[in-house]
There are 2 protein chains.
Amino acid sequence: METTWAHRLRETGLRVTRPRLSVLDVLSAHPHADADTIVTGARAQHPTLSPQTVYGVLDALVSVGLARRIEPAGAPALFELRVGDNHHHLVCRSCGVVADVDCAVGAAPCLSPSDAAGFVVDEAEVVFWGLCRACQQPAAAESVQFEAHEIRGGASA
Amino acid sequence: METTWAHRLRETGLRVTRPRLSVLDVLSAHPHADADTIVTGARAQHPTLSPQTVYGVLDALVSVGLARRIEPAGAPALFELRVGDNHHHLVCRSCGVVADVDCAVGAAPCLSPSDAAGFVVDEAEVVFWGLCRACQQPAAAESVQFEAHEIRGGASA
DNA sequence: ACCCTTGTTTTGAACTAGTCAACTTAAGGA
DNA sequence: TCCTTAAGTTGACTAGTTCAAAACAAGGGT
């Protein structure tokens with residue numbers, strides 16, 4: 001495809017900079033990465049990159065809709081590039097791996113709570129908590145727990 | 001009713017202490033209170049109560065199932081006493097007020113993602129984001145924003 | 001009614017994720 | 001190439017929460 005990240009950035013009015021391209025690269029490789037993972041990963045291409053810059057880049061990407069921020073309870077925020085398709089997430093209680101899952105009940109019925117109590121709802125956020133396949137094997141669970149932290153986000157659907 | 005908090009605590013094997021009763025009282029009055037609100041509220045009955053103690057009490061209550069912890073993205077954790085009925089939450093983007101909402105699609109279908117990707121799911125957490133009735137009136141929005149912080153949790157269904 | 005065990009509270013420090021502000025750098029249109 | 005302004009850098013700082021050791025008290029046993 002000819003739609004490069006540089007193009008996508010310019011389309012949204014953002015300048016094309018090395019930190020931004022690095023962060024986008026890391027996010028392509030780690031579909032659910034936290035800020036720390038992104039800093040570490042992006043330093044492969046840009047060794048002096050600071051965490052604050054990454055936070056700035058992520059805020060910019062999220063605000064123009066190129067990235068989405070998810071915050072599973074009890075864990076640092078994760079970022080993903082899959083946007084605009086109203087999908088949800090499976091989170092493993094044991095190792096923290098995140099997988100994508102399409103909306104459970106069709107198109108976007110998520111947006112219709114049974115009783116909105118006067119609220120105007122614009123988004124439904126769904127997190128399914130459970131155990132990933134690897135963590136269901138008790139013996140393997142411990143070692144997997146450490147591996148999974150390294151490859152956080154490697155188990156996307 | 002004759003099921004006092006003291007009873008409920010003993011039933012679960014927890015000792016009955018003043019900090020615990022105070023916290024339970026505050027939670028009864030504020031159905032979605034954060035730790036800080038609880039500390040402040042509980043000090044009405046127990047002025048020397050420390051935040052750490054409240055965190056300890058809340059952990060104890062959550063671990064025996066007397067309370068539930070919810071963590072809306074970007075906000076401190078909230079605690080509620082309504083447990084065991086798989087209900088969800090409406091959160092106002094403007095003022096942070098939280099309201100309860102029953103499971104959108106019947107009994108517990110929330111537990112069935114369309115494709116579980118090998119996960120064994122044990123809970124579905126749903127957060128509906130939007131604007132509460134008060135924050136839908138632009139003119140009033142600003143002043144409401146401050147009020148609502150004080151009465152956080154006052155808008156339960 | 002008292003004592004003893006063990007769970008709780010207290011006290012104080014520490015930690016993590018993330019934010020803020022002032023300054024420097026560089027993207028990209030003129 | 002210059003200039004404007006967005007973006008990156010640097011460093012201090014905060015909120016929310018957790019950890020650890022010592023003091024305390026709930027409630028069962030005697």
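Throughout, protein chains are lettered first and strands after them, A, B, ... in sequence-line order, and every chain is numbered starting at 1. Not measured: the values here are computed from a predicted model. Below, all heavy atoms of this structure are taken into account, side chains as well, without hydrogens, waters or symmetry copies.
Within the structure, a side-chain polar atom (N or O) of A:Arg20 is placed less than 4.0 Å from OP1 or OP2 of D:dA7. Distances shorter than 4.0 Å separate some side-chain N or O of B:Arg10 from OP1 or OP2 on D:dG27. Look at A:Thr53 and you'll find a side-chain N or O under 4.0 angstrom from OP1 or OP2 of D:dT9.
Residue A:Thr17 is in sugar-phosphate contact alone, with no base atom involved, counting any heavy-atom pair closer than 4.0 Å across all strands shown. Contacts of B:Ala60 with the nucleic acid, taken as non-hydrogen atoms under 4.0 Å apart, are absent.
If you take CG of B:Leu21 and P of D:dA26, they are 11 Å apart, rounded to a whole angstrom. Taking atom CD of residue B:Glu71 and atom P of nucleotide D:dA15, one finds them 19 Å apart after rounding to whole Å. Rounded to whole Å, atom P of D:dG28 lies 9 Å from atom CZ of B:Arg15. To the nearest angstrom, P of D:dG16 lies 13 Å from CZ of B:Arg69. Between B:Arg18 atom CZ and D:dA25 atom P there is a gap of 10 Å when expressed in whole angstrom units. Distance, A:Leu49 CG to D:dG8 P: 9 Å, rounded to whole Å. Rounded to whole angstrom, the span from the CG atom of B:Asp59 across to the P atom of D:dG16 amounts to 17 Å. Going from atom NE2 of B:His46 over to atom P of D:dC24 covers 13 Å, rounded to whole Å.
Within a 6.0 Å radius of CZ in B:Arg133, no more than 12 heavy atoms belonging to other residues, nucleotides or ligands are found. For CZ of B:Arg8, the number of neighbouring non-hydrogen atoms (other residues, nucleotides, ligands) closer than 6.0 Å is 12 at most.
A residue-by-residue look at B:Asp36 and A:Leu14 shows that A:Leu14 has its nearest nucleotide of DNA chain D further toward the 5' end.
When all heavy atoms of B:Ala99 and A:Phe119 are compared, the pair lying nearest together is CB-CE1, 4.0 Å.
Checked options B:Ile38, B:Val57, B:Leu9; the residue passing with B:Leu24 is B:Leu9 (criterion: side chain to side chain contact (heavy atoms under 4.5 Å, CB included)).
Between the side chains of A:His87 and A:Asp100, at least one donor-acceptor pair of N or O atoms lies under 3.5 Å.
Using modelled atom types, no side-chain atom of A:Glu125 and backbone atom of B:Phe128 make a donor-acceptor pair closer than 3.5 Å. Formation of a donor-acceptor pair under 3.5 Å by the A:Thr37 side chain with backbone atoms of A:Ala33 is not found in this model.
Of all nucleotides in DNA chain C, those with any atom nearer than 4.0 Å to a heavy atom of chain A start and finish, going 5' to 3', at C:dA17 to C:dG28.
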